[in-house]
Amino acid sequence: MAKQQETNVMSRLHDVEEYMNEKVGIEESFDIGFRQFPILGKKLDMYYVTGLVDTAYIIELMKELMEWEAEQPRTKKVFEGIYEHLVHQQVEIVESMEECITQMLSGLAVIFVDGEKKAFIIDVRSYPGRSPEEPDTEKVVRGSRDGYTENIIENTALTRRRIRDGRLRHEIVKSGTRSKTDICISYLKDVADPGLVKVVKEEVKNIEIDGLSMADKSVEEYIVKQGFNPFPMVRYTERPDVAASHLLEGHVLIMVDTTPSMIITPTTYFHHVQHAEEYRQSPAVGTFVRWIRFIGMFASIFLLPFWLLMVMQPSLLPEALTFVGPNEESSIPIVIQILIADIGIEFLRIAAIHTPTPLSTAMGLIAAVLIGQIAIDVGMFVPEVILYVAVAAIGTFATPSYELSVANKMSRIILLLFTAFLGVKGFVIGFTLYTLILARNNSLSTPYLWPLLPFNAKAMMQILFRLSVPLAKVRPSIVHPRNDKRQP
């Protein structure tokens with residue numbers, strides 16, 4: 001996209017007012033604030049967006065300028081005098097009208113001085129938003145209760161609070177010709193791979209779109225170019241401690257304004273199966289919780305297809321496990337029952353998202369007790385179908401990453417269909433395809449199944465077991481850190 005010709009700041013305030021009225025509709029948009037006042041015989045124009053600034057700052061700013069005027073001789077140069085007086089503020093001098101408008105619409109105040117071809121940009125931002133609180137999807141029994149918000153300034157501060165290192169970099173760029181969304185790229189300069197940082201920067205800067213209304217997800221799709229691959233190529237987190245942990249490992253974070261979800265790059269499949277709760281408990285308890293989670297995830301993918309295979313071919317079952325088959329007959333094929341029940345649970349999940357919390361709890365109880373029991377009583381489902389579908393659903397909810405849990409559910413349905421049509425061959429083919437799809441994935445040139453493929457024994461041990469912090473002396477090699485030693 002060709003860069004537009006920039007317009008220099010006009011020296012006559014009348015021309016500035018006409019330009020601003022044409023570009024941002026000063027007389028049409030009620031939320032654009034405009035004040036004109038004299039200082040030492042020269043007129044000053046101040047522009048700001050009323051909903052994005054702290055009104056108290058604006059009032060105090062004008063009050064300070066008026067008080068400063070009373071103390072200065074008339075021969076004092078206004079522009080230089082204001083810049084010197086506002087040295088305690090975050091003040092920037094710009095010479096482009098486009099930059100003035102962009103900064104004003106970002107929540108900063110713009111001051112034009114009559115006769116000057118430069119303008120002041122003063123940071124008086126006060127974005128509307130909620131206070132930091134624990135994310136609903138990443139709750140822990142013990143640990144911090146703060147979480148990222150929709151305010152990118154607060155988010156960078158929450159990260160700084162945990163990594164008080166001068167080598168932590170927060171580089172900000174704007175994207176979207178209309179939205180001009182702030183995107184912050186965060187990394188540790190002496191740890192993160194320079195090549196990775198360069199790739200992420202280039203991908204973000206090459207985004208060409210009118211607006212990023214869906215914020216983080218839109219940015220993700222530009223960076224990893226996922227297409228129809230359902231498996232998540234980046235990890236999301238709303239917890240500052242999780243984000244800080246990944247920064248210390250050598251990952252690069254992408255923060256998008258207006259969203260509380262931070263994008264962690266690059267990531268592998270096993271990054272999506274870890275949870276902060278494992279690191280808030282002792283290594284033994286953390287390992288136990290992790291293995292229970294692994295079992296739940298495995299059940300969410302393979303339990304239903306495997307049980308269907310045993311129903312279709314009972315001869316495969318050993319004598320001691322004959323109880324796993326359905327003990328009642330039904331006119332509806334088992335595979336159809338499984339699909340109806342599985343999709344029904346998905347209906348409930350979607351309905352719960354759009355239902356107020358007190359009502360969604362009642363809805364879940366009604367669905368579980370009444371609909372499930374009535375479906376069994378009328379002969380639509382056999383009891384075993386409800387049991388195994390429920391276990392698979394619980395395994396889905398036990399998956400830490402929401403994106404991975406949905407991808408696994410889609411994989412389960414496809415594997416069910418393969419098994420229903422081809423039996424044992426279908427189950428083997430489906431399992432093989434699932435593994436091959438995961439193996440061929442890569443996120444920013446990072447193998448998706450590392451450290452399983454390619455195999456790394458030490459890294460795999462840290463996946464299988466939650467090691468004590470003093471034992472984790474080396475950073476993961478997959479991110480190619482410049483400094484691989486975490487401690488002596």
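- The environment of CZ in Phe306 is sparse: at most 12 heavy-atom neighbours from other residues, nucleotides or ligands sit within 6.0 Å.
- When all heavy atoms of Val389 and Leu304 are compared, the pair lying nearest together is N-CD2, 3.8 Å.
- Checking Tyr148 against Thr159 by side-chain atom types alone, a donor-acceptor pair falls below 3.5 Å.
- The shortest side-chain heavy-atom distance between Thr267 and Thr446 does not fall under the 4.5 Å cut-off.
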Requested in this report: Start with the C-alpha gap between Lys225 and Met233, add the side-chain angles, then the distance that decides, and say whether side-chain contact (heavy atoms from CB on, under 4.5 Å) holds.
Outcome: CA-CA 9 Å; Lys225 301 172 180 61; Met233 296 289 103; over 6 Å; no
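- Using cut-offs of 30° and 60° for the angle between ring planes, the Trp291 and Phe465 rings count as tilted.
- Side-chain contact check for Glu154 and Thr149: at least one donor-acceptor pair (N or O, by modelled atom type) lies under 3.5 Å.
- Without hydrogens or angle criteria, Ser300 side chain to Met297 main chain gives a donor-acceptor distance under 3.5 Å.
- Between the CD1 atom of Ile429 and the OG1 atom of Thr419 there is a distance of 10.0 Å, given to the nearest 0.5 Å.
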Requested in this report: Evaluate the side-chain contact (heavy atoms from CB on, under 4.5 Å) criterion for residues Arg178 and Ile209: first the C-alpha distance (whole Å), next the side-chain angles of each, then the deciding distance (0.1 Å), finally the verdict.
Outcome: CA-CA 8 Å; Arg178 294 183 184 272; Ile209 193 173; over 6 Å; no
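- Side-chain N or O atoms of Gln337 include one that pairs as donor or acceptor with a backbone N or O of Ile332 at under 3.5 Å.
- Pairs of residues two or more places apart, or lying in two chains, that qualify as salt bridge (Lys or Arg N to Asp or Glu O under 4.0 Å) and include a residue from residues 392-421 are Asp342-Arg412, Glu346-Lys409.
- Taking OG of Ser245 as the reference point, atom CD1 of Ile163 lies at 8.5 Å (rounded to 0.5 Å).
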Query - Residue pair Ile183, Met255: steps toward the side-chain contact (heavy atoms from CB on, under 4.5 Å) verdict - result: CA-CA 6 Å; Ile183 302 175; Met255 305 181 181; over 6 Å; no
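- Using a distance-only test at 3.5 Å, with no hydrogens or angles considered, no donor-acceptor pair links the side chain of Thr259 to the main chain of Val256.
- A donor-acceptor contact closer than 3.5 angstrom links the side chains of Ser186 and His170.
- Defined by atom type and a distance below 3.5 Å, a donor-acceptor pair is present between the side-chain atoms of Ser106 and Lys174.
- Put simply, the side chain of Glu134 gets close to the backbone of Val140: a donor and an acceptor are under 3.5 Å apart.
- Contact annotation: the side chain of Ile254 approaches that of Ile223 to within less than 4.5 Å [non-hydrogen atoms, C-beta and beyond].
- Closest non-hydrogen pair, Pro451 versus Ala459, comes out as CB-CB, 3.6 Å.
- Tyr57 OH: 12 or fewer foreign heavy atoms inside a 6.0 Å radius.
- Taking every heavy atom of both residues into account, Val191 and Leu248 meet most closely at CG1-O, 4.0 Å.
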Query - side-chain contact (heavy atoms from CB on, under 4.5 Å) between Val285 and Val289, worked out - result: CA-CA 6 Å; Val285 174; Val289 171; 4.3 Å; yes
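- Taking CZ from Arg235 and CG from Leu253, the interatomic distance works out to 10.5 Å, rounded to the nearest 0.5 Å.
- Within the 4.5 Å cutoff, the side chain of Gln313 has no heavy atoms near those of the Met310 side chain.
- Here the closest heavy-atom approach between residue Pro230 and residue Ala407 is recorded as O-CB, 3.4 Å.
- Salt-bridge formation is not detected for the pair Asp484/Arg475: no Lys NZ or Arg NE/NH1/NH2 atom is positioned less than 4.0 Å from an Asp or Glu carboxylate oxygen.
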Query - Verdict with reasoning, Asp31 to Thr50, per side-chain hydrogen bond (donor to acceptor under 3.5 Å, both in side chains) - result: CA-CA 5 Å; Asp31 62 334; Thr50 56; 5.5 Å; no
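- Note that CD1 of Ile345 and CD1 of Ile350 are 12.5 Å apart. Values are rounded to the nearest 0.5 Å.
- Comment: Lys217 engages Glu220 in a salt bridge, judged by a side-chain N to carboxylate O separation of less than 4.0 angstrom.
- Val173 and Lys205 get closest at one heavy-atom pair: CG1-CE, 3.9 Å.
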Report task. Before giving the answer on side-chain hydrogen bond (donor to acceptor under 3.5 Å, both in side chains), spell out for Glu171 and Tyr187 the whole-Å C-alpha distance, their side-chain angles and the decisive distance to 0.1 Å. Result -> CA-CA 9 Å; Glu171 299 187 18; Tyr187 60 95; 2.4 Å; yes
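- Scored by the salt bridge (charged side-chain N to carboxylate O under 4.0 Å, His left out) test, Asp146 finds Arg162 as partners (sequence neighbours excluded).
- Pairing each heavy atom of Gln274 with each of Pro400, the nearest pair is O-CB, 3.6 Å.
- By the 30° and 60° cut-offs, the orientation of the rings of Phe302 relative to Phe431 is tilted.
- In this structure, Tyr279 OH and Arg290 CZ are separated by 4.0 Å, a value rounded to the nearest 0.5 Å.
- Between Arg161 and Asp241, no side-chain nitrogen of the basic residue sits less than 4.0 Å from a carboxylate oxygen of the acidic one, so the salt-bridge criterion is not met.
- The environment of NZ in Lys458 is sparse: at most 12 heavy-atom neighbours from other residues, nucleotides or ligands sit within 6.0 Å.
- Side-chain N or O atoms of Arg466 include one that pairs as donor or acceptor with a backbone N or O of Gln281 at under 3.5 Å.
- Counting only distance, with no hydrogens or angles, the side chain of Asp210 and the backbone of Thr177 share no donor-acceptor pair below 3.5 Å.
- At least one side-chain heavy atom of Ser477 sits under 4.5 Å from a side-chain heavy atom of Asn456.
- No side-chain heavy atom of Arg486 sits under 4.5 Å from any side-chain heavy atom of Lys473.
- A donor-acceptor pair under 3.5 Å links the side-chain atoms of Ser179 to the main chain of Leu212, judged by distance alone.
- Not a single donor-acceptor pair under 3.5 Å links the side chain of Glu238 to the backbone N or O of Glu138.
- Between His272 and Tyr448, the ring planes lie tilted relative to each other; the angle falls in the 30° to 60° range.
- With hydrogens and angles ignored, the 3.5 Å screen pairs a side-chain donor or acceptor of Ser405 with a backbone N or O of Tyr402.
- Here the options are Leu436, Thr432, Leu438, Ile437, the test is side-chain contact (heavy atoms from CB on, under 4.5 Å), and the partner is Tyr434; only Leu438 passes.
- For the pair Ser401 and Tyr236, the minimum side-chain heavy-atom distance is 4.5 Å or more.
- If you run side-chain contact (heavy atoms from CB on, under 4.5 Å) between Asp193 and each of Lys198, His480, Arg482, only His480 comes through.
- Residues His246 and Thr237 are not in side-chain contact: their nearest non-hydrogen atoms beyond the backbone lie 4.5 Å or more apart.
- Side chain of Arg280 to backbone of Gly143: no donor-acceptor contact under 3.5 angstrom is found.
- Annotation: side chain of Leu108 is in contact with side chain of Arg125 (closest heavy-atom distance under 4.5 Å).
- Within the structure, salt bridge (Lys or Arg N to Asp or Glu O under 4.0 Å) pairs that include any residue of residues 293-306 comprise Glu278-Arg293 (at least two apart or interchain).
- To the nearest 0.5 angstrom, Leu449 atom CG is 8.5 Å from Tyr269 atom OH.
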